[in-house]
Amino acid sequence: MTPQATGDTLRGAVSLRHLSKAFTLNGQPLPVLRNLSLDIRAGESLAIVGPSGCGKTTLLRMLAGLEAADSGQVVIDGRPVAGVGTERAVIYQEPRLLPWLTVLENVAFGLEVRGIARSVAQDRARRHIRLVGLSDFENAWPRQLSGGMAQRVGIARALTVQPEILLLDEPLGALDAMTKLTMQEELARIWREENVTMILVTHDLEEAIFLADRVLVLSADGTPPALIPVDLPRPRDRNGADFVRMRRMLMGRFGLH
Ligand SMILES: Nc1ncnc2c1ncn2[C@@H]1O[C@H](COP(=O)(O)OP(=O)(O)OP(=O)(O)O)[C@@H](O)[C@H]1O
Ligand SMILES: [Mg+2]
């Protein structure tokens, strides 16, 4: 259990309030998000899907506090976000490990830079390295890891700082199909065990249905976003009739079969 689960108030609730964002392209405004409002429960798993260029990464960067909205607010546990914060951790498509540090040192690094003593930081790091199944590789260097292992180290590193909210931008997008399925199972387990709010950008509609409580569908043409609840029991069965039906429905929204 992470500290945000104190008493019975779980932390990590996110509200998007009338968020709008436009970039400028060839001197013309390029609207990306238009007046998006959404409440995400503490501990919820939300997937964000939509065509390339629809604004998924932009939205995630706004949640991370790396990008400012033109108007509207991101509110976390009642406080408006003004920049990056320690209650949020971001996981990208590539793990971004420091090549000169071992697995253990990479995972402990985020705590050490916050002034936590090395021995304490490494003890905490070990717990999360175990959680992602890499205890035997604590002393390995990043270059000795496979892509999936490196990404698991990145996940452990994000969890070690005990965030309330995990923001993931296509975290499994660079992995081969088999590793990806295994990692989806791991993310489902980690989300359950760690009580974090998980906001996951993915291109993979099946991954969205496998992991999310709700799927936010963004469009690139100005069609208002849709929010689709995934009312399927967990752990989810990709071959179950309801799962298959849900996948077909979601693919249909994108004109896919
Ligand atoms: N810093 C920026 N300056 C100008 N335009 C930008 C900037 N960042 C993103 N954009 C534009 O905003 C739109 C949304 O980009 P974003 O990266 O959020 O899309 P995405 O949904 O994550 O796409 P993908 O699925 O390909 O990752 C795109 O048209 C992109 O060109
Ligand atoms: Mg993106």
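Computation of the quantities below employed the complete heavy-atom set of this structure, encompassing side-chain atoms and omitting hydrogens, waters and symmetry-equivalent molecules. Whatever order the structure lists them in is the order used to number ligands and atoms, beginning at 1.
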Check ion pair Lys21-Glu67 (N to O, under 4.0 angstrom): yes

Donor-acceptor under 3.5 Å (Ser37 side chain, His18 main chain): yes

Protein residues that have a heavy atom under 4.0 Å from any atom of ligand 1, sorted by chain and number: Phe23, Leu30, Val32, Pro51, Ser52, Gly53, Cys54, Gly55, Lys56, Thr57, Thr58, Glu170, His203

Verdict with supporting geometry, Asp213 and Ser45, side-chain hydrogen bond (donor to acceptor under 3.5 Å, both in side chains): CA-CA 5 Å; Asp213 295 321; Ser45 169; 5.1 Å; no

Qualifying residue for side-chain contact (heavy atoms from CB on, under 4.5 Å) with Val132, from Leu187, Val103, Ile155, Val153: Ile155

Leu159 and its side-chain contact (heavy atoms from CB on, under 4.5 Å) partner, picked from Val107, Ile190, Ile129: Ile190

Polar protein atoms (N, O or S) that approach the Mg ion (ligand 2) to under 2.8 Å: Thr57 OG1

Trace of the salt bridge (charged side-chain N to carboxylate O under 4.0 Å, His left out) decision for Glu194 with Arg127: CA-CA 12 Å; Glu194 297 290 297; Arg127 178 175 111 67; 3.1 Å; yes

Test: Arg238 cationic atom under 6.0 Å from Phe210 six-membered ring centre, within 45° of axis: yes

Single-linkage hydrophobic cluster, 4.5 Å side-chain cutoff, Leu145 and Leu172 together: yes

Ser20 side chain to Asn35 side chain, donor-acceptor N/O pair below 3.5 angstrom: no

